[in-house]
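I have placed the structure first, in the form of structure tokens, so that the comments after it can refer back to it.
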Amino acid sequence: MSKSTTTVMQARDIQKMSVGQKIVRVLSKTGTYAFLLIMALIVLFPFYWMIISSLKTLAEYRQAIPTFWPRQIMWGNYAEAFTTANLGDLFMNTLYVGLVSTVLSLVITVLSAFAFARLEFKGKETLFGALLATMMIPGELFTITNYITINELGWMHTFTALIVPFLVSVFYIYLLRQNFMQIPNELYLAAKVDGTSDIKYLWKVMIPLALPTLISVTILKMMGAWNSYIWPKLVANDDAHQMITNGLRNAFTDTSGQANYPVQMAAVAIVSAPLFLVFLCLRKYIMSGVSRSGIKG
Amino acid sequence: MKVVLQNLTKIFPSRDKKAGKEVVAVNDFNFEIPDGQLVGLLGPSGCGKSTTLYMISGLQKPTSGKIFFGDDDVTELSTENRGIGLVFQNYALYPHMTVMQNILFPLQNLKGKDKLTKEEMLDRAYEAARLVQIDELMDRKPSELSGGQQQRVAIARALVKMPRVLLLDEPLSNLDARLRLQTREEIRRIQKETGITTVFVTHDQEEAMSISDVIVVMKLGVVQQIGKPQSVYDDPQNLFVAKFLGTPPINVLEGKVEGGKVYIGSEAVLEIEGVEDQEVYIGVRPEGLEPCADGKLTCSLNNLEVMGRDASVVASHENAISPVIRAIISSDIKIDPSAQSVKFNVKPHKFFIFNKETEQRIYFEVK
């Protein structure tokens, strides 16, 4: 049945609906939207609170009865945040770690997903099974062993310690492998006939076809680097290698013993902005990538 | 470019080691495909025809035997260096590329002295597109094309690098009946125009017969017969080939040769010479049965199907192996549809006998 006939029939069905049905429909719609609205408010409120707090004076912030809109807007908090916390350096450190680990882990993910999806070699299934099994181990357990390893290797307080342990993500390999496997084998054979090497086929055909997944992997990886807290705190919490999350934590607490919360909030707002923008621009890919895998992000 | 297959054999090891049965997909295939001809590999599914095609393409390595393109031994050459064009059953177009990019793709991969400039590539791509009449569609994506158009793009992509050999794997099976007729003429036309040696695989005997210069009939990895379509049809070497070719199919009956006569049941239908007395299978083409008042073969009449130009007499016989006995006759010949039985004479050149054990053809002289 063609699309137009379907819509015509739907239109007719709607006309036929009785008044009772209409009331039920309107009520259920209202209910749904009311629910969504409340949920959205719950989610958005912390953001709102972060922004108004960042614009208050310290005195206003400390009031027993909080105000919902700052009496005096303190744009100066943002400038202060930037200098106090040395945000410039923190940004650069985080960006460096984020970019390097994203690029390297994309290369690793793509190559291993290709091998597991397309190449024939001995022990492929066993190896892949072993990799998947590591996903069962909670991440916190890795923290301990990784800490010991990093220490033994003498990588403490280096960027290497921040990048290397998370380069291989079984989850992303699995995600991309599934994506690659959906690409029909005939395309591979056709590309062989057309005179391509494996690597060129991967570059020209598979990567473009799996682009949505690769974009979501990139975003998730960047977010991971941006948000990581515990691991950087353990292995590289010195000034030269401090990441943004730890920087924020440390910068505002040790001045004169009193934390300047509005300035801290301003810093948090600055730091969240890039991720927020990335999410707004690319949310289509994030959602499609994660929902296709059917599991967590 | 002639293609020579020499003792070509492909054995697939068994998946399950305990069951231990390996599959011989192609068994000792010898054939020389003459330059510039269109060859149809024909057989039921699982007969090894696609495997043969993939071995010619290099996508599968033969277990033993050799393949030559002209005088070059290409057996060890990888697919990308063989210079072949291959059209897949499902076309295998790159979905993220436009028609233009799909056709250009093989050219962009050329290396060394074959490397082309951008202009040359575009010229070649347009030339190939014009040949299959899709030059209007160059900016579309494959998903925006009909099945027939996708098929043409696939052929253009295979032809654009001027392959030494063009291979087509069931090229028509994804098209509807009308388009199939049209496209097979098209394939014939393109093959004639380019003069490229072409091998195509099909399970549809009508398709193979209608456009091939030569057909190869295969069964379970073994070549049964090779020849011009008409001569294979007229002169099948065994019962399988006789049964596989022809629509409607050949009528097969049990019978015997005794004292220079071929008997079906108790009726002697043909007098022959040069065959010893034995039990045989008898094959008679539907057009080889002539209704005749004093005919020698008596069948009970089931019904009469009139199809305009000719008519089909559907009858049955207790010695028949095929479910019905079918005769194709001119609709001018009048048959009483209410009659209980019908008598036929057989045309000797449409009448074959086969050894009951080996199912090989037994040649005879008509007395």
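When reading the values below, keep in mind they use all heavy atoms of this one structure, side chains included, and skip hydrogens, waters and symmetry mates. All of these numbers come straight from a predicted model, not from anything done at the bench.
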Practice problem: Using the six-membered ring wherever Trp is involved, compare the ring planes of A/Phe47 and A/Phe276 and label them parallel, tilted or perpendicular (cut-offs 30° and 60°). | Solution: tilted
Quiz item: Which of the residues A/Ile183, A/Thr196, A/Asp194 is involved in the greatest number of heavy-atom pairs with chain B at under 4.5 angstrom?
Solution: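 Heavy-atom pairs under 4.5 Å are most numerous for A/Asp194.
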Quiz item: If you measure only the distance, is there a donor-acceptor pair under 3.5 Å linking the side chains of B/Gln149 and B/Arg152?
Solution: no
Quiz item: Under 4.5 Å between any side-chain heavy atoms of B/Val87 and B/Phe200, yes or no?
Solution: no
Quiz item: Quick one: are A/Val100 and A/Phe159 in side-chain contact, heavy atoms under 4.5 Å?
Solution: no
Could you tell me which portion of [X] (side chain, backbone, both or neither) has an atom closer than 4.5 angstrom to a non-hydrogen atom of chain A?
{"X": "B/Phe88", "value": "side chain"}
{"X": "B/Leu59", "value": "side chain"}
{"X": "B/Leu110", "value": "neither"}

Quiz item: Side chain, backbone, both or neither: which part of A/Lys200 has a heavy atom under 4.5 Å from chain B?
Solution: side chain
Practice problem: Can you establish whether the number of heavy atoms outside A/Tyr96 located under 6.0 Å from its atom OH is more than 12? | Solution: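 At most 12 heavy atoms, drawn from other residues, nucleotides or ligands, come within 6.0 Å of this atom.
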When you check the gap from the basic side-chain N to the acidic O, do [X] and [Y] get nearer than 4.0 Å?
{"X": "B/Asp204", "Y": "B/Arg184", "answer": "no"}
{"X": "A/Lys192", "Y": "A/Asp198", "answer": "yes"}
{"X": "B/Glu193", "Y": "B/Arg189", "answer": "yes"}

Quiz item: Heavy atoms under 4.5 Å from chain A: which residues of residues 155-163 of chain B carry them?
Solution: B/Arg157, B/Lys161
